[in-house]
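Some notes on the structure that comes next.
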Amino acid sequence: MFNASLKDLSAMLSGGKISSVELTREFLGRIDALNPEINAFITVDIDKSLMQAKLADAMIASGRAHPLTGIPVAQKDIFCAKDWLTTCGSKMLSNFVSPYDAHVIERFNSVGAVNIGKTNMDEFAMGSSNETSHYGSVKNPWDRQAVPGGSSGGSAAAVAARMAPVATGTDTGGSIRQPAALCGISGIKPTYGLVSRYGMIAFASSLDQGGPMAKSAEDLALMLGLMTGFDSRDSTSLDRPVEDYSRDLDKPLDGLRIGLPREYFAEGLSADVEEAVRAAISEYEKMGATIVDVSLPNTKLSIPVYYVLAPAEASSNLSRYDGVRYGYRAKDYKDLTEMYEKSRSEGFGAEVKRRIMVGTYVLSHGYYDAYYMQAQKLRRLIAKDFSEAFKQCDVIMGPTSPSTAFNLGEKGDDPVQMYLSDIYTIAVNLAGLPGMSIPAGFGKNGRPVGLQIVGNYFSEAKMLNVAHQYQKLTDWHLKMPAI
Ligand code: GLN
């Protein structure tokens with residue numbers, strides 16, 4: 001049952017084989033057994049989850065079920081959930097019980113999905129290893145010495161260890177795709193603007209995008225349909241009709257043109273990751289796809305551009321945490337200025353402070369044109385690389401991450417090395433494009449490898465089709481860590 005698809009779980013629920021209360025208890029039991037070691041959840045609230053499960057059972061009994069009714073969903077702790085502690089992985093919000101629901105949480109609640117707990121994450125979603133969390137690092141279920149990736153590392157580990165059938169994540173520079181790759185699960189970051197950011201704690205607003213994490217593309221399609229849709233409370237929410245993302249899953253792939261960017265198969269890519277990714281691509285050729293050589297010449301600029309723009313936006317977004325209205329406030333201070341200073345220096349961790357300092361610097365008078373404006377111009381060029389490439393191909397494929405999961409502590413003292421682990425994912429956010437990662441085997445250390453699929457704007461249904469066809473032929477997505 002822990003390996004069952006959403007479709008199967010949903011059929012079990014509507015066929016009366018199991019109730020949502022029973023299903024929720026099963027997953028809570030698994031969390032109870034595994035979470036002390038994996039540390040994927042920050043908050044678990046048995047009573048609240050079971051209360052939702054009871055409501056779901058009533059919905060099912062009255063014949064009003066949606067495929068996600070009664071399904072336990074692990075929610076990244078970046079999504080505000082009414083009456084739940086919502087920390088964003090930070091001491092700054094360690095006492096924040098949200099008075100309202102994020103759009104994404106509302107959508108899950110509206111169909112009677114069960115919030116099974118709030119997942120651990122890098123502080124304010126800044127990181128690639130989950131090690132910046134105030135709540136301690138998450139262990140990779142495949143190997144406890146390894147990081148799960150970040151920032152949605154708790155969600156990825158929860159699904160990989162089957163502590164939840166599905167989870168939510170957010171992706172500013174790779175935070176859905178990279179942890180999905182490192183934990184051997186599937187995840188999709190939709191086109192920017194498809195999933196409302198209302199109630200999703202802001203990091204870098206022009207890049208942040210929520211999305212689903214699950215075992216398979218088929219499960220992602222069901223979740224994505226629920227999470228998308230116009231929301232007037234987010235000024236960048238797109239007013240488009242909601243799509244059925246499952247509609248094309250079974251389409252054959254003959255004639256599909258897959259672009260392989262030269263720059264993604266160059267120096268810095270581990271041999272074992274390259275081997276697994278190339279093997280996956282040859283499966284696609286067997287399915288009738290053709291391979292096209294493409295170039296994304298500005299790839300090397302994506303990390304420097306991101307590390308100007310994301311900190312700039314973060315420094316502005318995080319100015320709201322001042323110890324006055326909500327969140328952490330220092331105990332002793334002599335005046336207002338000292339209260340601000342102490343609350344912020346005690347409440348934020350080192351990586352968050354580093355970003356605030358960089359962001360404030362690049363936005364300051366005299367440096368704004370040299371750094372921020374320049375980065376905005378380069379962002380356009382990076383987006384243009386993709387539009388040129390999509391003239392020649394339908395999807396772009398490559399590795400999600402340059403290596404399999406690295407060891408806990410391995411990159412902690414070297415922020416630049418940590419930043420480089422997002423080299424293949426960040427440009428996708430800068431361009432606002434959809435990107436996903438699916439499991440494609442294991443590296444030589446037995447840790448999972450992810451295949452990245454990038455599509456043109458609004459091509460999520462096509463990407464899910466491409467991923468699903470591979471998952472029909474292979475069973476990497478069904479492999480479970482021995483725990
Ligand atoms: N690892 C990147 C960062 O540290 C991306 C994080 C994210 O996507 N939230 O900013």
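Counting starts at 1 for both ligands and their atoms, following the listed order.
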message = So for Gln178, does at least one of its heavy atoms come nearer than 4.0 angstrom to any atom of ligand 1?
response =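 No, Gln178 has no heavy atoms under 4.0 Å from ligand 1.
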
query = Non-hydrogen atoms of Gly174 versus ligand 1: any pair closer than 4.0 Å?
reply =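 In this structure, Gly174 qualifies as a contact of ligand 1 - some heavy atom is under 4.0 Å.
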
ask   = Is it true that the NZ or CZ of Arg30 lies under 6.0 Å from the centre of Phe2's six-membered ring and within 45 degrees of the ring axis?
value =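 Yes, Arg30 lies over the aromatic ring of Phe2.
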
inquiry  = Tell me whether Phe203 has any N or O atom under 3.5 angstrom from an N or O of ligand 1.
reply    =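 N/O-N/O distance under 3.5 Å: no.
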
Short N or O distance, Asp171 and ligand 1, threshold 3.5 Å exclusive =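 No.
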
inquiry  = Classify the ring geometry of Phe124 against Phe348: parallel below 30°, tilted from 30° to 60°, perpendicular beyond 60°.
reply    =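 If you compare the ring of Phe124 with that of Phe348, the planes turn out perpendicular.
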
request  = With sequence neighbours excluded, give me every ring pair (Phe, Tyr, Trp, His ring centres under 6.0 Å) pair touching residues 198-236.
outcome  =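 Checked against ring pair (Phe, Tyr, Trp, His ring centres under 6.0 Å) - neighbours excluded - the pairs reaching residues 198-236 are Tyr100-Tyr198.
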
ask   = Going through the distances and angles, do Glu263 and Lys300 end up as a salt bridge (Lys or Arg N to Asp or Glu O under 4.0 Å)?
value = CA-CA 8 Å; Glu263 295 78 6; Lys300 60 180 184 311; over 6 Å; no

ask   = In chain order, what residues pass the side-chain hydrogen bond (donor to acceptor under 3.5 Å, both in side chains) check against Glu388, with sequence neighbours excluded?
value =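 Testing Glu388 for side-chain hydrogen bond (donor to acceptor under 3.5 Å, both in side chains), a comparison that skips the adjacent residues, returns Lys391.
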
Side chain, backbone, both or neither: the part of [X] lying under 4.0 Å from ligand 1 by heavy atom:
{"X": "Ser151", "answer": "side chain"}
{"X": "Tyr306", "answer": "side chain"}
{"X": "Lys189", "answer": "neither"}
{"X": "Asp422", "answer": "side chain"}

query = Minimum heavy-atom separation for Tyr306 to Pro311, with atom names?
reply =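 Of all heavy-atom pairs spanning Tyr306 and Pro311, the closest is O-CD, 3.4 Å.
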
task = Looking only at non-hydrogen atoms, find the nearest pair between Ala157 and Lys139 and report the distance.
result =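 So the two residues come closest at CB-O, 4.1 Å.
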
message = For atom 9 (N) of ligand 1, tell me which residue out of Gly173, Ala310, Ser175, Pro179 has the closest non-hydrogen atom.
response =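 Answer by nearest heavy atom: Ser175.
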
key: Protein contact of atom 3 (C) of ligand 1 - nearest heavy atom, named by residue and atom, plus distance   =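 Result: Tyr307 OH, 3.3 Å.
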
